[in-house]
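Below is one structure, written out as structure tokens, with a few remarks after it.
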2 protein chains.
Amino acid sequence: MAKKKATIQDIARAAGTSVSTVSRVLTGNAPVSDAKRAAVERAIAQLGYRPSLIARGLKMSKTFTIGVVINDITNPFYSMVVKGAESEAKACGYSLILCVSNENPETELHQLQMLHDKQVDGIIFGPTGHNTEFIRSLAARIPMIQVDRYLPDLQSDAVVVDNEGGAYQAVKLLTQRGHRRIGLVGWQIGITSEDQRIAGYCRALEDAGIPCDPHLMSTSPAFAPETMPAMVETLLARRPRPTAIFTINNQFGIVAMQAIRQAGLNIPDDVALVVFDDLAVFALTSPAISAVAQPAYEVGQRTVQLLLSRLKDDGEAPPQLIVLPTELIVRESA
Amino acid sequence: MAKKKATIQDIARAAGTSVSTVSRVLTGNAPVSDAKRAAVERAIAQLGYRPSLIARGLKMSKTFTIGVVINDITNPFYSMVVKGAESEAKACGYSLILCVSNENPETELHQLQMLHDKQVDGIIFGPTGHNTEFIRSLAARIPMIQVDRYLPDLQSDAVVVDNEGGAYQAVKLLTQRGHRRIGLVGWQIGITSEDQRIAGYCRALEDAGIPCDPHLMSTSPAFAPETMPAMVETLLARRPRPTAIFTINNQFGIVAMQAIRQAGLNIPDDVALVVFDDLAVFALTSPAISAVAQPAYEVGQRTVQLLLSRLKDDGEAPPQLIVLPTELIVRESA
DNA sequence: TTGTAAGCGTTATCAG
DNA sequence: CTGATAACGCTTACAA
């Protein structure tokens, strides 16, 4: 039923010309007489011809496709990054192959490999923190831009936010309000973004003359979402109890909010709360949550812009680290 | 610097055999002697050879890629659908090209066209409601599964949730609590999911002996997010004021919550609220919001399962409409 | 079992 | 300006 797709051959035949001429009107990079061009265009319209992008890709070694590997598309931050990336890519004639790695190094490895095999023109990814050697060798063969986080050992492009500064602002808000026992919850899984947030937390404390107390830092060296509530509870069980908590991401923020409530404590009177990575609904919870907002859409946009510029550079410009500013949004929880 | 990628030719040469033999060990669909196989495998390992998926795609007319077109990846429902779809696709050796249409028919058209040009094996999409004829013709050439919503005029596969039933349950909760003036806010842009939710709303009212009053239905025939607050305000301005509101999606739910608050009204005492499409944070707002939860992850999973089964069928089975159940989650707002 | 050769649908080179 | 023709990297008859 579905008649075979017309090829460039069919067009040539129908237009009474050669495939090269058809190709020329298609790509437009060689002169063609008006008569021929008209004939070709007529044939194209009549047969509903569409050039095969995959044949073209094979011939030109160019697919107009960008690979994206992120940890969790349901995380609002990442979904906004992807939205920005997709929008920019679309505007430039590229499309995105989306891979979600679930913070799993093995999955990440397979997906990077697969993207390379599919000959995407470039890759955007938020590294799990592993596979460094493999990634280094891959980066020698295909443009890669790290997003949100980066492998410090890798000499490569990256687009991130000012994690250290954002965390610093958040914790400074707390110290300014007189808090001295400020807890932190988060992962410590060797990922720059999180490490830098922890660093910002420590710096803000030290600036206020408060020593950075390991007992007030509830971190885990492994990514295990099911342990999140216990991690917050640990902190709340410290005596004297911390009077404020800074969470390293919004998931921990939500968990902390629940745990504090369940402990019968009041926010912000018993425990103040500031979370890194804002959510729209934080304005609607009770109390509304103070948070560090990230320019997620712009992160996505800038990342593909940088990638596309690399595609022209041919990768000869020095690696670039783009750091976008964050914004502390003060609401009711601190 | 980056040495040229090795091709099947290079492997043949290095292994002292022919390309066909190499291809045979690659695809494994023809016998090869152990000696040759070993030699080939050694060469592959030494040269770090990886078959070009795009050359293979050209030859086999099979790309192991699925196109996905949705309206908004930052909508938690869709991002969960995509997560389910990606997971299932990955497990079956497929990857996803993600396109976001922003509810824009023109963008949708370009993206569907582009996916076809890139020769994806199939397409999953949530139609904007337009481009029906184009989609019909496309569906004759490539397997397409509609997701979340469908074009009623199109005879085609779709995976959706029980929108009518879910809305019915939500509004029934309201009538059971004694509400008689129940407002509705939402789009009426000719999309099945929304139309069916409206139908469920009306049926629940009628079952309770309440006529379906157009003055209590604040809908808009065009997708224009900036008008959402005004749409809710219109409803709140009716006299006598509705004592309850049902919103057709979670965005309207958030807007409604804000508008009700800003009007100095209390939820649920002045105005009760139930929203279609649950969010995790609805459990944390004050009051917690009652909502209709959709099995989003499963929707994504089932959609690619259906698509992959069509790829085997060769599309000869009759079109299927898969309807997944929703669940009413009663919290504090109604 | 193995190799040769003909495509898959393009673009690009090179003569006319 | 135009038309053969050789790639691009792979799979698959067809022969041997």
Side-chain angles (χ1 to χ4, degrees), chain A residues 2-41 43-44 47-65 93 114 116-121 141-142, chain B residues 3-41 43-44 47-65 114 116-121 141-142:
Chain A
K3 36 188 174 164
K4 266 283 185 38
K5 252 186 75 156
T7 76
I8 199 173
Q9 303 273 0
D10 301 323
I11 301 304
R13 194 165 16 247
T17 178
S18 71
V19 292
S20 0
T21 299
V22 178
S23 176
R24 286 192 262 264
V25 348
L26 252 31
T27 64
N29 49 22
V32 174
S33 71
D34 289 352
K36 291 277 182 189
R37 159 169 286 108
V40 167
E41 280 168 350
I44 288 179
L47 301 190
Y49 167 74
R50 301 242 94 209
S52 160
L53 263 26
I54 131 153
R56 191 177 278 180
L58 175 60
K59 181 64 187 172
M60 320 245 293
S61 309
K62 172 92 182 161
T63 55
F64 289 95
T65 305
M114 180 274 292
H116 182 232
D117 295 348
K118 283 201 172 166
Q119 255 146 274
V120 296
D121 297 332
R141 313 183 135 283
I142 177 176
Chain B
K3 37 186 175 167
K4 267 282 186 37
K5 252 185 75 152
T7 77
I8 199 173
Q9 303 272 0
D10 301 322
I11 301 304
R13 194 164 16 246
T17 179
S18 72
V19 294
S20 14
T21 300
V22 177
S23 176
R24 288 192 261 262
V25 348
L26 251 33
T27 63
N29 50 23
V32 174
S33 72
D34 289 352
K36 291 278 183 189
R37 159 169 285 110
V40 167
E41 280 167 350
I44 288 180
L47 300 190
Y49 167 73
R50 302 243 92 209
S52 160
L53 264 26
I54 130 154
R56 192 177 276 179
L58 176 59
K59 180 64 189 175
M60 320 246 294
S61 308
K62 171 93 183 163
T63 56
F64 289 97
T65 305
M114 180 274 292
H116 182 233
D117 294 348
K118 283 202 172 165
Q119 254 146 278
V120 297
D121 296 332
R141 314 183 133 282
I142 179 176

Looking only at side-chain N and O atoms, does B/S52 offer a donor or acceptor that is under 3.5 Å from a partner on B/K5? no
CG of A/L47 versus P of C/dG9: gap in Å, rounded? 14 Å
From NZ of A/K62 across to C1' of C/dG9 the rounded distance in Å is 20 Å
Can you tell me if B/T17 touches the phosphate of C/dT2, counting only side-chain N or O atoms and a distance under 4.0 Å to OP1 or OP2? no
In whole angstrom, what separates B/D117's CG from C/dG9's P? 14 Å
Separation of B/L26 CG from B/R56 CZ (nearest 0.5 Å): 5.5 Å
One character per nucleotide, please: for nucleotides 7-16 of chain D, 5' to 3', B when the base has a protein heavy atom closer than 4.0 Å, S when only the sugar-phosphate does, - otherwise. BBBBBB----
In chain order, what residues pass the salt bridge (charged side-chain N to carboxylate O under 4.0 Å, His left out) check against A/K62, with sequence neighbours excluded? A/D121
Supply the atom-to-atom distance B/M114 CE to A/T65 OG1, rounded to the nearest 0.5 angstrom. 8.0 Å
Distance check, rounded to the nearest 0.5 Å: A/M60 atom CE versus A/T27 atom OG1? 8.0 Å
Nearest 0.5 Å, what's the CD-OG1 distance between A/Q119 and A/T63? 7.5 Å
